[in-house]
Novice: 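One structure is given below, represented as structure tokens, and several questions about it will come after.
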Amino acid sequence: MSGSRILIIRAVDIFIEVIKYLIIARIFAGILFRDRQHPIMSFLYQITEPILEPFRKLIYKFNINTGMFDFSPLLAFLFLEIIENLIIRMLY
């Protein structure tokens with residue numbers, strides 16, 4: 001395997017991991033900071049909402065009642081894993 005492929009695979013891995021950590025940070029920040037106008041919450045929402053919103057809409061579209069729990073981060077993690085594996089397999 002060439003060096004450039006290894007670099008691309010590593011970059012994809014790092015990018016996906018950063019997104020996952022930002023989603024986790026948003027979950028915990030949502031517990032700590034109820035005000036969405038808080039600078040930390042504002043940043044986390046701007047970064048993660050484009051990823052989480054489609055999954056939230058999907059849950060709503062299928063009329064799945066999750067109560068007070070938001071399962072969109074779980075679906076996003078699953079999706080990110082699938083995408084990462086597909087990209088890595090394409091590069092091998």
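Only heavy atoms go into these numbers, but all of them, side chains included; no hydrogens, no water, no symmetry mates.
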Novice: Would you indicate whether F71, at its atom CZ, is surrounded by more than 12 heavy atoms from other residues, nucleotides or ligands within a distance under 6.0 Å?
Specialist: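 Yes, CZ of F71 has more than 12 neighbouring heavy atoms, counting only those of other groups under 6.0 Å.
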Novice: Quick test of your reading of the model: are R89 and E84 salt-bridged, counting only N-O distances below 4.0 Å?
Specialist: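 E84 and R89: not salt-bridged.
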Novice: When rounded to the nearest 0.5 angstrom, what distance separates CD1 in I82 from CD1 in I87?
Specialist: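 Answer rounded to 0.5 Å: 12.0 Å.
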Novice: Please determine whether residues I6 and M90 belong to a single hydrophobic cluster, defined as Ile, Leu, Val, Met, Phe, Trp and Tyr linked transitively by side-chain heavy-atom distances below 4.5 Å.
Specialist: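 Unlinked, I6 and M90 end up in two clusters.
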Novice: Can any side-chain N or O of S42 pair as donor or acceptor with the backbone N or O of H38 at less than 3.5 Å?
Specialist: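 Not confirmed, S42 side chain does not pair with H38 backbone.
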Novice: Identify, with sequence neighbours excluded, every residue that meets side chain to side chain donor-acceptor pair (under 3.5 Å) alongside R34.
Specialist: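 With sequence neighbours excluded, R34 shows a side chain to side chain donor-acceptor pair (under 3.5 Å) to no residue whatsoever.
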Novice: Would you say F43 and L22 make side-chain contact, with heavy atoms under 4.5 Å?
Specialist: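 Answer yes - side chains close enough.
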Novice: Could you tell me whether the side chain of R5 and the main chain of L91 form a donor-acceptor pair under 3.5 Å?
Specialist: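 Checking the backbone N and O of L91 against the side chain of R5, a donor-acceptor pair under 3.5 Å is found.
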Novice: With a 4.5 Å cut-off on side-chain heavy-atom distances among I, L, V, M, F, W and Y, is there a chain of contacts connecting L78 to L58?
Specialist: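 No, it is not one cluster - the side chains of L78 and L58 are not joined through contacts under 4.5 Å.
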Novice: Say you draw a straight line from CD1 of I19 to CZ of F15; how long is it, rounded to the nearest 0.5 Å?
Specialist: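 The distance works out to 3.5 Å.
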Novice: Taking atom OG of S72 and atom CZ of F77, what is their separation to the nearest 0.5 Å?
Specialist: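 S72 atom OG to F77 atom CZ measures 10.0 Å (nearest 0.5 Å).
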Novice: Do you reckon Y45 sits in the same ILVMFWY cluster as I31, going by side-chain contacts under 4.5 Å, direct or chained?
Specialist: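 Y45 does not cluster with I31.
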Novice: Considering non-hydrogen atoms only, spot the tightest contact between P73 and L52 and give its length.
Specialist: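 Smallest interatomic distance, heavy atoms only, reads CA-CD2, 3.6 Å.
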Novice: Measure the CZ-CD1 distance between R56 and I51 for me, rounded to the nearest 0.5 Å.
Specialist: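 Taking CZ in R56 and CD1 in I51, the distance rounds to 11.5 Å.
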Novice: Honestly curious: do I24 and I14 fall in one hydrophobic cluster under the side-chain, below-4.5 Å linking rule?
Specialist: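 No.
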Novice: CZ of R26 to CD1 of I47: how many Å apart, nearest 0.5 Å?
Specialist: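 Between atom CZ of R26 and atom CD1 of I47 there are 11.0 Å.
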Novice: What's the separation between atom CD1 in I8 and atom CD1 in I88, rounded to the nearest 0.5 Å?
Specialist: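 It comes to 11.5 Å.
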Novice: Is there a path of hydrophobic side-chain contacts, each under 4.5 Å between heavy atoms of I, L, V, M, F, W or Y residues, that connects I27 with F79?
Specialist: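 Linked, I27 and F79 end up in one cluster.
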Novice: Measure the shortest side-chain to side-chain distance between T66 and D70 over non-hydrogen atoms and say whether it is less than 4.5 angstrom.
Specialist: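 Contact flag for T66/D70 side chains = no.
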Novice: Would you say E17 and Y21 make side-chain contact, with heavy atoms under 4.5 Å?
Specialist: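 Yes - at least one pair of side-chain heavy atoms lies under 4.5 Å apart.
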Novice: Which heavy atom of D13 sits nearest to which heavy atom of R10, and what is that distance?
Specialist: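 In this case the closest contact between D13 and R10 is OD2-NH1, 2.6 Å.
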